[in-house]
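One structure below.
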Amino acid sequence: MVAMMNLGHRALARWGMKFLTLPADGKVLDCGCGGGANVKKLLKKCPQGVVKGIDYSPVSVAKARELNEQAVNDGRCVIWQGSVEQIIFAKDWFDAVTAFETVYFWPNLHRCFREVYRVLKPGGTFLICNECSGDTDKDDKWTRKIEGMTIYKDVQLKALLEQAGFRDIQIHKNNRGWLCVTAIKPAGNGE
């Protein structure tokens with residue numbers, strides 16, 4: 001299943017990454033890193049940087065570590081098992097935080113967004129990329145099939161991001177119904 005997710009979400013990830021600008025030495029956190037395919041892409045975007053991943057599933061963590069073994073051994077990558085509700089990393093550390101196909105399953109979305117805000121550097125970017133935008137009837141079938149899945153519309157995500165302190169929120173959609181949201185932690189703004 002984890003390997004299938006790596007393959008199945010490849011086109012979505014490629015599309016979403018277009019909205020993320022990173023420095024060569026960037027520090028990035030991928031929340032809900034799954035099998036680690038996006039961690040691998042982020043490592044390529046930041047060839048002198050560090051990419052960390054966090055996932056709730058021990059199976060996903062093992063697969064992500066295996067896929068990114070060289071970067072892990074080189075000290076450029078760390079994959080941890082844990083929840084986005086309580087991110088173990090230090091505040092104001094990451095240039096970017098990404099969430100591909102995962103916010104559907106985050107408990108207490110407001111609290112999770114506050115945690116992402118906490119670990120981002122001022123001026124840092126939070127990128128959310130979802131295949132389901134809540135704009136089509138086909139989205140309903142997924143919430144019926146997958147227990148615990150909530151599909152959020154862009155206006156819902158924008159409101160929650162603003163409540164968490166994010167600004168400069170950009171909404172991107174394509175003709176396939178995909179949704180990508182970028183949000184910035186204001187520079188020089190205390191929590």
Side-chain angles (χ1 to χ4, degrees), residues 5 9 12-13 15-22 26-34 38-39 41-42 50-57 60-61 64 78-135 139 142-143 146-173 177-191:
M5 286 168 49
H9 297 150
L12 175 76
W15 175 73
M17 294 259 189
K18 290 192 287 187
F19 304 107
L20 185 63
T21 303
L22 294 168
K27 297 174 184 169
V28 185
L29 172 62
D30 187 28
C31 293
C33 65
N38 290 328
V39 168
K41 287 179 181 73
L42 290 163
V50 173
V51 178
K52 298 186 180 194
I54 188 168
D55 201 284
Y56 193 73
S57 162
S60 292
V61 169
V78 177
I79 311 290
W80 286 98
Q81 183 181 355
S83 170
V84 182
E85 263 190 301
Q86 294 182 305
I87 300 173
I88 63 169
F89 302 115
K91 72 179 231 168
D92 300 334
W93 201 80
F94 293 100
D95 296 294
V97 175
T98 60
F100 290 91
E101 289 283 281
T102 65
V103 296
Y104 313 123
F105 307 104
W106 291 6
N108 191 345
L109 203 56
H110 178 71
R111 182 174 174 171
C112 292
F113 284 0
R114 286 298 298 164
E115 274 293 277
V116 169
Y117 186 93
R118 181 184 67 77
V119 300
L120 268 174
K121 289 179 181 175
T125 302
F126 180 26
L127 178 136
I128 298 168
C129 202
N130 291 341
E131 223 171 276
C132 298
S133 62
D135 292 338
D139 293 342
W142 293 112
T143 56
I146 303 171
E147 187 178 332
M149 181 178 190
T150 303
I151 297 173
Y152 300 94
K153 290 183 175 271
D154 57 353
V155 293
Q156 293 171 300
L157 291 171
K158 185 174 191 253
L160 287 164
L161 288 163
E162 286 173 343
Q163 288 171 19
F166 289 97
R167 298 294 175 257
D168 300 321
I169 299 165
Q170 301 290 314
I171 309 289
H172 308 276
K173 294 183 180 181
W178 294 351
L179 171 66
C180 185
V181 180
T182 57
I184 307 297
K185 178 177 179 175
N189 194 18
E191 288 185 45

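Values in this document were obtained by computation on a predicted structure and should not be read as measured data. Here, residue 1 is the first one in the sequence, and each next residue gets the next number.
No side-chain heavy atom of Ile128 sits under 4.5 Å from any side-chain heavy atom of Tyr152. Side-chain contact between Val116 and Phe166 is present, with heavy atoms from C-beta onward closer than 4.5 Å. Side-chain contact check for Leu157 versus Asn130: some heavy-atom pair is nearer than 4.5 Å. Side-chain contact between Asn38 and Val51 is absent, with no heavy-atom pair separated by less than 4.5 Å. Considering only heavy atoms from C-beta on, Val181 stays 4.5 Å or farther from Phe19 through its side chain. You'll find the side chain of Phe105 stays beyond 4.5 Å of the side chain of Val84, heavy atoms only. Within the 4.5 Å cutoff, the side chain of Leu127 has no heavy atoms near those of the Met17 side chain.
To the nearest 0.5 Å, atoms SG (Cys180) and CG (Asp154) are separated by 12.0 Å. Taken to the nearest 0.5 Å, the CG atom of Leu42 stands 14.5 Å off from the NZ atom of Lys52. Put simply, SG on Cys33 and CZ on Phe100 are 12.0 Å apart, with the number rounded to the nearest 0.5 Å.
Taking each heavy atom of Leu161 and Ala183 in turn, the nearest pair found is CD1-CB, 4.1 Å. Taking both residues in full, the closest heavy atoms of Gly26 and Asp95 are given as CA-OD2, 3.3 Å, listed atom of the first, atom of the second, then distance. Listed here is the closest heavy atom pair of Cys112 and Pro107: SG-O, 3.0 Å. The two atoms that bring Pro186 and Arg167 nearest to each other are CG-CG, 3.6 Å, heavy atoms only. Scanning all heavy atoms of the two residues, the minimum distance from Thr102 to Ala99 falls at OG1-CB, 3.6 Å. Contact detail for Glu115 and Ile87: the closest heavy-atom pair is OE1-N, 2.8 Å.
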Item to complete: Check the pair Lys173, Leu179 against side chain to side chain contact (heavy atoms under 4.5 Å, CB included), reporting the backbone distance first and the verdict last.
Response: CA-CA 5 Å; Lys173 294 183 180 181; Leu179 171 66; 4.1 Å; yes

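Among residues two or more places apart in sequence or in another chain, the side chain to side chain donor-acceptor pair (under 3.5 Å) test is passed with Glu162 by Lys158. Not counting sequence neighbours, the partners of Asn108 by the side-chain contact (heavy atoms from CB on, under 4.5 Å) test are Glu85, His110, Arg111. Residues forming a side-chain contact (heavy atoms from CB on, under 4.5 Å) with Gln81 (at least two apart in sequence, or on another chain): Pro58, Val61. Listed by chain and residue number, Leu20, Thr182, Ile184 satisfy the side-chain contact (heavy atoms from CB on, under 4.5 Å) test with Thr125 (two or more places apart in sequence, or in another chain). Among residues two or more places apart in sequence or in another chain, the ring-ring contact (aromatic ring centres under 6.0 Å, His included) test is passed with Phe113 by Phe126. Remark: Lys27 engages no residue in a side chain to side chain donor-acceptor pair (under 3.5 Å) (not counting sequence neighbours). When the side chain to side chain donor-acceptor pair (under 3.5 Å) test is applied to Asp30, the partners found at least two apart in sequence or on another chain are Thr98.
Within 6.0 Å of CH2 in Trp80 there are 12 or fewer heavy atoms belonging to other residues, nucleotides or ligands.
Formation of a donor-acceptor pair under 3.5 Å by the Glu101 side chain with backbone atoms of Glu131 is found in this model. Although no hydrogens or angles enter the test, the distance criterion places a donor-acceptor pair under 3.5 Å between the side chain of Arg118 and the main chain of Phe89.
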